[in-house]
Amino acid sequence: MIDVRRLRNDLEGVRAALARKGVDGSVVDRAAAVDAEARQVVDQRDDLRARKNLLSKQIGEAFRARDTATAESLRAESKDLEGQEADLETGAAALQAELREILLALPNPPSPDAPDGASEADNVLVRTEHFDPARYGAHQRVPHWDIGTELGILDMERGAKISGSMFALFRGAGATLQRALCQMAIDNNVDAYEEMRPPSLVRTETVITSGQLPKFADEQYHLERDDLWAIATAEDPLTSVARDEVLEEANLPMRLMAYTPCFRREAGAAGRDTRGLLRVHEFDKVELMAYATPEQAPALLDEILQRAIGSVVALGLPYRVLDICTGDLGQKHHRQFDVETYAPGCDMWLEVSSVTWFTDYQARRGNIRYRPSEGRGTELVHTLNGSALAVPRMWAAVVETYRQPDGSIALPEVLHPYFRGATTISGR
RNA sequence: GGAGCGGUGGCAGAGUGGCCGAAUGCGCCGGUCUUGAAAACCGGAGAUCGAAAGAUCCGGGGGUUCAAAUCCCUCCCGCUCCGCCA
């Protein structure tokens, strides 16, 4: 959610910033108009309340002075104001609700540093590392869904029998691999990030804070009977850890990490990248998240990006970094870098982490503040996050990259400790 | 799921209709004293909106009343007992 004061002080600036994300200026104008109207009505309402408060006080004094006649006449006067107050009250509430609704749907203005662009085709390639297409042999050009079947470590068919298409069933060493990847990512980041294990089913308020609701309800699994939402990412619960709280600046940045399942309906993605593990409804992920002051935020964006890259590098895989353009930035994103790794079997670059700076967009929704060590009052925090490791695509890249000519998989060394001494995955 | 009790400032905890944005204690900040610290003493400090006047905030929402932390309804959360269960 953006600051209404920004609308009041710099309407043109907000329109221009949001235009870069393709937002129609009339929506911004509408928000400003509703805000102006609401403020006017609130003003009137407050004046009336002030009059009533004064009368009440005088009534109390009159009663105490046993001046019943005065008290009664003041009481009648106060009662006369009631209808007026109720009208102003409902008017103000309606306008404020309307304003909030518009503001909740309004995207976060992009960073001036984010590249302009209309779609993902305009994302800027920052760099590519450790990538040499000539290095891959024919034995590595087998997609992971075939390898998975061949070795009996991934069973998409039975996954579909159990839960429907786009649900994975990992088996044996495949299941171990998915767990090992998460364990490794946690171990690699626990030096600075507090490990959390939050709930996977969360309240509506929690999903509004992170920004998925109200606009992206179609993407979320919802348990109607209990009115709980299945998290799409650990970002949902982690962002609400400090909801409605005031943090001390001395405790910032506050770094959190969680390994959770992630549930995505993928409502708009039917038929796209649906083979194997490229896009599934449920997957595991280790997420890094930080609460920071506005001054600390840029450095943290870089830190989380480096840590995301760290997971790929640790596994000996190539990577590339994309600077996401304004047209591809999500509603809540201010600045975003994607980390992709190369999967030789599918011959695709797979997004394995999305590192994002939300500025105070989520903090304003969730009322997450901090108390500056200098000065008075409270300020909204900035939130940032990024995946340390998203399992399915990393699983795919590892399996395809490390496939040997004999069809087995030679596990990268970092994973050996998690495999009870095994160094390869062979057929059963 | 059933029965009962509760939710007040950073924490503990008073307050049962007006003089309550809220006693008191602890903690915190500043000062006096001290070589320094502690103790003692003095003083200070909540949040949101608003240019201000002022308005709002005692778990959330609604109601009664001229007036609600206080009375009523409802939801959420916590605790105790019972039931059930990994």
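Note that the coordinates shown come from a computational prediction; the quantities given were computed from them, not determined experimentally. The chains referred to below are lettered A, B, ... by the order of the sequence lines, with proteins before strands, and numbering in each begins at 1.
A straight line from CZ of A/Arg243 to P of B/G59 spans 18 Å, rounded to a whole angstrom. Atoms CZ (A/Arg371) and P (B/C29) sit 13 Å apart, rounded to a whole Å. Between the CD atom of A/Gln44 and the C1' atom of B/A53 there is a distance of 16 Å, given to the nearest Å. Residue A/Asp3 contributes atom CG, which lies 13 Å from atom C1' of B/U48 at whole-angstrom precision. Atom CD of A/Glu205 and atom P of B/G59 are 18 Å apart (whole Å). Note: CG (A/Leu228) to C1' (B/C75) measures 15 Å, nearest angstrom. Rounded to an integer number of Å, the gap from CD of A/Glu248 to C1' of B/G10 is 8 Å. To the nearest angstrom, P of B/G54 lies 11 Å from CG of A/Leu54.
Of the possible donor and acceptor atoms, one in the side chain of A/Asn123 sits under 3.5 Å from a partner among the backbone N and O of A/Cys325. Not a single donor-acceptor pair under 3.5 Å links the side chain of A/Ser408 to the backbone N or O of A/Ser426. Distance alone, capped at 3.5 Å, is enough to place a donor-acceptor pair between the A/Asn9 side chain and the A/Arg5 backbone.
Of the candidate nucleotides B/A55, B/G50, B/A47, B/A47 has the atom lying nearest to any side-chain atom of A/Arg369. Distances from the side chain of A/Asn53 to the nucleotides B/A47, B/U56, B/A51 place B/U56 closest. Comparing B/U48, B/A55, B/C49 against the side chain of A/Arg8 picks out B/C49 as the nearest.
At the phosphate of B/C77, OP1 or OP2 sits under 4.0 Å from a side-chain N or O atom of A/Arg203. Contact between the side-chain N/O atoms of A/Arg5 and the OP1/OP2 oxygens of B/C49 is found at a separation under 4.0 Å. Under 4.0 angstrom from either OP1 or OP2 of B/C49 there lies no side-chain N or O belonging to A/Arg45. For the OP1/OP2 pair of B/A47 and a distance below 4.0 Å, the side-chain nitrogens and oxygens of A/Asn367 include no atom meeting the criterion.
Taking a pair to require two hydrogen-bonding distances under 3.5 Å in either a Watson-Crick or a G-U wobble arrangement, B/G21 remains unpaired. For B/A55, the paired nucleotide is B/U48, the pair qualifying as Watson-Crick or G-U wobble because both relevant distances are below 3.5 Å. Across all strands shown, B/U34 forms no Watson-Crick or G-U wobble pair with both distances under 3.5 Å. Judged by Watson-Crick or G-U wobble contacts below 3.5 Å, the nucleotide B/G43 has B/C29 as its partner. Across all strands shown, B/G83 forms no Watson-Crick or G-U wobble pair with both key distances under 3.5 Å. Across all strands shown, B/C5 forms a Watson-Crick or G-U wobble pair, both distances under 3.5 Å, with B/G78. Pairing of B/U64, defined by two Watson-Crick or G-U wobble distances under 3.5 Å, is not identified with any nucleotide.
Shown here is A/Gln306, whose CD atom has more than 12 heavy atoms of other residues, nucleotides or ligands within 6.0 Å.
In the model, A/His281 has a side-chain atom that pairs as donor or acceptor with a side-chain atom of A/Tyr221 under 3.5 Å.
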Notebook entry, point to check: What is the per-nucleotide protein-contact pattern of nucleotides 61-74 of chain B, from the 5' end, where B denotes a base atom under 4.0 Å from a protein heavy atom, S denotes such proximity for sugar-phosphate atoms only, and - denotes neither?
Noted result: -----BS-------
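Atom name C1', nucleotides B/G83 and B/G2: the rounded distance is 8 Å, in whole Å. Rounded to whole Å, the separation between the C1' atoms of B/C33 and B/G17 comes to 48 Å. The same atom, C1', is picked in B/C66 and in B/C49; the two are 26 Å apart, to the nearest Å. Rounded to the nearest Å, the gap between the P atom of B/U80 and that of B/C72 is 26 Å. Separation of the C1' atoms belonging to B/A22 and B/G9 is 9 Å when rounded to the nearest angstrom. B/G59 and B/G10 are spaced 13 Å apart, taking the P atom of each and rounding to whole Å. Taking the C1' atom of each, B/A67 and B/G31 are spaced 42 Å apart, rounded to whole Å. As rounded to the nearest Å, B/G7 and B/C57 have C1' atoms that lie 16 Å from one another.
Under the 30°/60° scheme for interplanar angles, the aromatic rings of A/His222 and A/Trp229 are found to lie parallel.
Using a cutoff of 4.0 Å between basic side-chain nitrogens and carboxylate oxygens, A/Glu85 and A/Arg45 are not scored as salt-bridged.
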Next item on the list: Carefully, step by step, assess A/His382 and A/Phe358 under the rule ring pair (Phe, Tyr, Trp, His ring centres under 6.0 Å).
Entry: CA-CA 7 Å; A/His382 278 204; A/Phe358 301 104; over 10 Å; no
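In this structure, the ring of A/Phe170 has its center less than 6.0 angstrom from the ring center of A/Trp395.
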